[in-house]
2 protein chains.
Amino acid sequence: MKIAIDAMGGDNAPEAIVNGVLKAKQAHTFADTTFVLYGDEAQIKPLLTDSTGIEVEHTTEVIAGDDEPVRAVRRKKNASMVLAAQSVKDGEADAFFSCGNTGAVLACGIFVVGRIKDIERPGLMPTLPTLESDQGFNLLDAGANATNKAVHLHQFAKMGAYYAQDVRGIQNPRVGLLNNGTEYDKGDELHKATYTLLKDDATLNFVGNVEATTILNGTADVVVTDGFTGNAVLKTIEGTAGAVMSVLKQGMLHSGLKTKLGAVLAKDAFVAAKSKFDTSSYGGAVLLGCKAPVVKSHGASDDRAVYYAMKQIHEMVQKQTVQKVTDYFSNAK
Amino acid sequence: MKIAIDAMGGDNAPEAIVNGVLKAKQAHTFADTTFVLYGDEAQIKPLLTDSTGIEVEHTTEVIAGDDEPVRAVRRKKNASMVLAAQSVKDGEADAFFSCGNTGAVLACGIFVVGRIKDIERPGLMPTLPTLESDQGFNLLDAGANATNKAVHLHQFAKMGAYYAQDVRGIQNPRVGLLNNGTEYDKGDELHKATYTLLKDDATLNFVGNVEATTILNGTADVVVTDGFTGNAVLKTIEGTAGAVMSVLKQGMLHSGLKTKLGAVLAKDAFVAAKSKFDTSSYGGAVLLGCKAPVVKSHGASDDRAVYYAMKQIHEMVQKQTVQKVTDYFSNAK
C-alpha cells in the first residue's frame with residue numbers, strides 16, 4: 001500500500017506531517033505501507049530520522065492557505081498537494097492526504113484524483129464526537145458542495161454507511177437525515193424528497209429525520225445533509241464549543257482566588273472535555289466519492305493527528321471501501 | 001398599551017407566566033401597561049396576588065406541545081393562544097406573547113395576527129449571546145420558513161436592523177449574511193443573490209458574509225440566513241453548548257476527590273458561563289413581519305424569562321418598530 005502525502009500543507013508543515021508518518025512507521029499495522037512525502041526535500045530530509053518505508057518526492061511549489069483554491073490547483077502544477085494527488089490519479093499511490101487549504105484539497109480530490117463514475121457530487125465527511133460513547137458520528141456533506149439534489153444526499157447516505165461500517169466498525173450503522181424537525185414531512189422539497197429515497201432504500205438502516213440539537217448525543221451514526229447546511233452545522237459546533245470553553249476559562253481567570261484554585265484542581269475535567277472534543281483520533285475528513293481515499297486533516301494538526309489519519313487511510317484502503325462504493329453504484333444502475 | 005398573553009403555554013404555565021407578569025407590574029416601566037391573561041380562570045386567579053393592571057380572559061382550550069401546529073390553531077378556536085392572538089388582530093391588544101408550541105405560535109402570528117402587507121414571509125428571530133460583550137446578536141430566520149428567496153432575506157435584514165436599533169439600542173447595527181465562506185461570491189444562488197441585495201441597500205450597514213464559526217464572537221449584530229439553515233444553526237448552538245457543559249460536569253462527577261473539590265470551588269465560573277448562555281434576559285424570539293409584536297419564549301421559561309419578554313415587548317410597542325417596518329416597505333415599493 002502506498003499513501004501519497006502533501007508534506008507542505010497545514011500550519012505545522014512539514015514537521016507535524018513528517019513526525020506523524022514516522023510515528024505510523026513504528027506501528028505494526030503499517031508494515032505493508034510506503035509513505036510518499038511530497039514537498040521540499042531540503043526541509044523534509046533533515047526531519048527523517050529513519051527513512052525506512054518512506055520516500056520523498058521533491059516539489060518546488062506550495063499552495064498557501066489563502067490561495068484561491070481552484071485557481072491554485074490549476075496553476076501551481078508543481079505544488080506538493082497537486083503532485084501528491086496526481087500520483088494517485090496515475091495509479092502510483094492508493095490514497096491522498098493533506099492538511100492544507102481545504103478548498104484546494106477538495107479541488108485536488110474532485111479534479112485530479114477524480115470522481116467515481118456514478119457519483120455526481122463527492123461529499124466531505126468529518127467524524128465528530130458523541131456525548132455518551134467514544135463512537136462519534138459522521139456528518140456529510142460538511143461543505144464540498146454549495147447546493148445538492150436529493151440523489152446526492154442518497155449517495156452520501158450510502159457512502160457514509162460503508163465508511164462507518166468499514167473504518168469505524170459499526171455494524172448496520174444508523175443513518176439519519178438532518179432536518180428542521182423529526183416528523184417525516186419536515187423540511188423543504190430537497191429534504192422531503194431525500195427522506196423518501198432513504199426510507200425506500202432497504203440497504204440502509206434509516207432512522208428518519210434528526211435535529212441538530214441531538215446529533216452530538218449520537219442519534220445517528222451517519223448524519224446526512226446538504227453541503228450548505230452541513231457546513232453551517234460543522235462551523236457552529238466548532239464555534240460554540242470554542243465559545244463555551246472560552247467563557248469558562250475567562251470566568252475562572254477573572255475571578256477570586258477560590259474559583260482560581262478550583263480551576264487548578266478541576267483541570268483534569270477540562271483536559272478530558274477538551275480531549276472529548278478533539279476529534280483527531282477519528283482521523284481527518286474524507287472526501288467520499290473520489291476514486292481513492294482523499295483525506296483532509298485540520299490545518300493545525302499535530303503529529304498525533306497525522307498518525308491517526310494514516311490509520312484511517314490504511315483502514316479504508318485495506319477494507320476497499322472505495323471499491324465497494326464503486327461496485328454498489330455501478331450495480332445499482 | 002395592552003399585551004395579550006397566552007397564560008397556558010409552556011412547561012411552567014400558568015405559574016411562570018402569571019408570576020412574570022406580576023414582576024413586570026412592579027416595575028415603573030409598565031405603569032402604562034395592561035396585561036391580559038388568556039387561560040383557565042380557576043388556575044390563574046388564585047395566583048394573582050395583585051390584579052391591578054391585569055385582566056383575565058377565561059378560555060377553555062389549550063394547545064399542547066405535541067399538537068400538530070396548524071391544525072391545532074384552526075380547530076381549537078377557544079384555545080388561550082388563539083384567543084390571545086385574535087385579540088391583537090381585533091385591535092384590542094398591541095402585542096401577543098406565548099411560551100407554547102412553537103409551530104402554533106408561528107401559525108397564530110402569520111394566520112391570526114397577520115403579516116404586514118409587503119412582507120411575504122415573517123422570520124423568527126432570537127437574540128443569542130456574544131462572547132466579548134453582553135450585547136448579543138440577532139439571528140433570523142431561525143426557522144419560521146423551510147425555504148426562502150433572496151427578497152425574504154433582504155427583508156429579514158431590514159427588519160432585524162430596525163429591531164437591533166430600537167430594542168437593543170445598537171446604532172447602525174452591523175448586518176452579516178451567514179454563508180459558507182466570507183468571500184463575496186460564496187454560497188448557492190440564494191446567498192449570492194442575497195449578497196447583492198444587501199450590498200446595494202444603502203440603508204443597511206452590511207458587513208458582508210459571516211461564517212457560523214464566528215457569530216458567537218459578535219462578528220455582526222444581525223445575522224441573516226434562510227429559515228432552514230438558521231434553524232440548524234440555532235439547534236446546533238443549543239446542542240453543542242449543552243454537550244460541552246454536560247461533558248465537563250460528567251468529567252467532574254466521575255473523577256477523583258481533587259477534581260470534585262475543584263468543581264465545587266470553581267462553581268462560580270460555571271454559574272457565570274451558564275448565565276452567559278442563558279439568553280432569557282434578551283427576551284423571547286420575535287416573529288418579525290407580523291402586524292404587531294409576536295413574541296415566543298422558551299417552553300421552559302421561568303417568571304424571570306417572562307418578565308424580560310414583557311420588557312422586550314414594551315420596548316417594541318413603544319418604539320413602534322412594527323410601524324417603522326410597515327412604513328419602510330410600503331414606501332420602498
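So that the names make sense, note that chain A is the first sequence line, chain B the second, and so on, each numbered from 1. Because the structure is a prediction, the values reported are computed rather than measured. Heavy atoms only: backbone and side chains are in, while hydrogens, waters and symmetry mates are out.
- Panel note: side chain R174(A), backbone G218(A); a donor-acceptor pair is recorded below 3.5 Å.
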Item to check | Derivation of the side-chain contact (heavy atoms from CB on, under 4.5 Å) call for C108(B) and V294(B) | outcome: CA-CA 9 Å; C108(B) 279; V294(B) 170; over 6 Å; no

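- The residues K76(B) and D67(B) are annotated as salt-bridged, a charged nitrogen and a carboxylate oxygen being separated by less than 4.0 angstrom.
- The side chain to side chain contact (heavy atoms under 4.5 Å, CB included) with F156(A) is formed by just one residue from the set L198(A), I119(A), N145(A), L139(A); it is N145(A).
- When all heavy atoms of Q135(B) and R168(B) are compared, the pair lying nearest together is O-NH2, 3.1 Å.
- Here the closest non-hydrogen pair linking H191(A) and L178(A) is CD2-O, 3.4 Å.
- Residue contact with chain A, scored on non-hydrogen atoms closer than 4.5 Å, involves the backbone and the side chain of N180(B) alike.
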Checklist entry - Between Y195(B) and F206(B), is a ring-ring contact (aromatic ring centres under 6.0 Å, His included) present by the stated rule, with each step listed? => result CA-CA 9 Å; Y195(B) 186 98; F206(B) 181 51; 5.2 Å; yes

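- Chain B is approached within less than 4.5 Å, heavy atom to heavy atom, by E211(A), A212(A), T213(A), L216(A) from residues 207-216 of chain A, ordered by number.
- Among all heavy-atom pairs drawn from I63(A) and A104(A), the shortest one is CG2-CB, 3.9 Å.
- Within residues 233-240 of chain A, the residues that have a heavy atom under 4.5 Å from a heavy atom of chain B are V233(A), K235(A), T236(A), I237(A), E238(A), G239(A), T240(A), listed by number.
- Between chain B and the options A146(A), G227(A), S246(A), the largest number of non-hydrogen pairs under 4.5 Å is found for A146(A).
- For the residue pair L106(B) and A144(B), the shortest heavy atom distance occurs at CD1-CA, 3.8 Å.
- The minimum heavy-atom distance between H298(B) and C99(B), with the atom names listed, is O-CB, 3.7 Å.
- Counting only distance, with no hydrogens or angles, the side chain of N179(B) and the backbone of T182(B) share no donor-acceptor pair below 3.5 Å.
- No part of N217(B) comes within reach of chain A, as not one of its non-hydrogen atoms sits under 4.5 angstrom from that chain.
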